[in-house]
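To start, the structure under review is shown below, and the notes come after it.
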Amino acid sequence: MNLLESMIQRAQGEKQRIVLPEGTEPRTLEAADRLLRDGVAEIILLGKPEMIREIAREAELKNIEGATIIHPGDHEKKGDYTNLLLELRSKKGMTAEQASLLVEDPLYLACLMIKNGDADGEVAGAENTTGDVLRPALQIIRTLPGVKVVSGAFIMFTQTPQYGENGILLFADCAVMPNPTAVELASIAVSSAQTARSLAGVEPRVAMLSFSTKGSAEHEMIDKVREATRIAREMNPDLLIDGELQADAALVPSVGSGKAPGSIVAGKANVLVFPTLEAGNIGYKLVQRLGNAEAVGPILQGMAAPVNDLSRGCSVDDIYNMVAITANQAIGLKQNS
Ligand code: ACO
């Protein structure tokens with residue numbers, strides 16, 4: 001059984017309530033239909049019920065009957081959610097009028113449902129940008145205690161079993177923080193190790209990547225990676241982490257032992273933490289396209305409850321899999337709380 005199959009099975013065993021704010025989006029509805037058919041999650045669709053039912057009827061999506069459908073402009077908890085939003089955001093200048101409008105925005109409503117304990121996770125992004133999906137989640141759900149930043153990881157299923165964990169590696173941050181500080185980068189490393197352990201099922205060996213290995217060059221960008229490595233060790237003394245390392249020193253045993261002798265990670269890293277979003281985003285796409293790797297993500301990590309963003313070019317399968325991943329994150333968070 002591969003990793004995704006085992007995640008689907010785990011989700012089926014402990015069904016989570018996953019809210020899909022893009023309830024009238026056709027690929028989302030088709031994925032919801034399959035998820036309900038397979039019993040992967042309880043599905044909450046946001047949108048006008050008559051419109052959702054009409055699209056489902058036309059596409060012959062019979063299982064949609066099993067979803068909970070909520071009209072963002074007209075539902076019984078609207079007052080409660082408006083008060084909750086105001087409570088969370090009034091100190092940031094949000095007025096009652098703004099809150100009563102935002103609560104009808106499905107992307108805000110989904111986060112408020114999670115915050116209020118009415119849903120366990122969210123998947124969106126088939127028709128909204130990353131920023132629009134993330135902003136309400138960052139404002140309402142916020143980070144886990146002790147976690148500085150939310151970041152985005154990819155599980156990379158490469159064609160190179162000699163690297164990582166039989167070819168499986170976790171890359172981060174590839175999706176959220178454009179230019180993390182040393183403290184933020186350390187937090188990304190610790191979250192990535194946690195994601196590798198809980199979702200990818202691998203015991204993390206974290207490489208903090210740079211264009212230098214152990215002092216082979218000097219630059220303030222390298223200093224940031226060294227400092228982040230030090231802070232991550234302080235945050236989690238048991239973590240197998242090392243840096244700064246170049247990508248080849250992180251991955252290839254002979255290069256690792258030559259450039260970073262004695263390192264506990266060099267030559268055998270399975271978690272790669274990139275120094276900036278530019279490096280991470282470009283890096284994962286190069287491995288995906290040139291190396292023909294399967295890239296599963298971005299999986300948002302560090303959030304107090306799981307919210308995941310889709311690419312607008314996503315397929316029905318991508319949405320299905322992302323719901324299964326989100327459900328696994330929700331199960332993991334409940335187990336750790
Ligand atoms: N972790 C935790 N909290 C955060 C983070 C973060 N990474 N980023 C912002 N916040 C918080 C802020 O502290 C702020 O909180 P407050 O309002 O309570 O003070 C709130 O979220 C809003 O922050 P802003 O900076 O005002 O929000 P902004 O809209 O500028 O940016 C965003 C947030 C959307 C994540 C932005 O950083 C972004 O667009 N990042 C890049 C996303 C992207 O385009 N990725 C590439 C595509 S994805 C792909 O290719 C896989």
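Every number for a ligand or one of its atoms is a count from 1 in the order of the listing.
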Ignoring hydrogens and angles, write down the donor-acceptor pairs under 3.5 Å from the side chains of residues 142-153, residues two or more places apart or on other chains.
residue, atom, partner, partner atom, Å
Thr143, OG1, Val147, O, 3.0
Ser151, OG, Gln301, NE2, 3.0

Partners of Asp317 by side chain to side chain donor-acceptor pair (under 3.5 Å), sequence neighbours excluded?
Arg34
Would you mind checking if Lys224 and Glu220 are paired as a salt bridge, meaning a charged N to carboxylate O distance below 4.0 Å?
no
For each nitrogen or oxygen atom of ligand 1, which protein N/O atoms lie closer than 3.5 Å, and how far apart are they, rounded to 0.1 Å?
residue, atom, partner, partner atom, Å
ligand 1, 1 (N), Val150, N, 2.8
ligand 1, 7 (N), Val150, O, 3.0
ligand 1, 17 (O), Arg89, NH1, 3.4
ligand 1, 17 (O), Arg89, NH2, 2.7
ligand 1, 18 (O), Arg89, NH1, 2.8
ligand 1, 18 (O), Arg142, NH1, 2.8
ligand 1, 18 (O), Arg142, NH2, 3.4
ligand 1, 19 (O), Lys92, NZ, 2.9
ligand 1, 29 (O), Arg135, NE, 2.4
ligand 1, 29 (O), Arg135, NH2, 3.2
ligand 1, 40 (N), Val176, O, 3.0
ligand 1, 45 (N), Ala175, O, 2.8
ligand 1, 50 (O), Asn281, ND2, 3.0

In residues 38-62, what donor-acceptor pairs under 3.5 Å come from side-chain atoms, sequence neighbours left out?
residue, atom, partner, partner atom, Å
Asp38, OD2, Tyr320, OH, 2.5
Glu54, OE1, Arg57, NH2, 2.7

Is it true that Val202 and Tyr163 fall in one hydrophobic cluster, defined by side-chain heavy atoms closer than 4.5 Å?
no
With no hydrogens and no angle check, is any side-chain donor or acceptor of Arg27 less than 3.5 Å from a backbone partner on Cys314?
yes
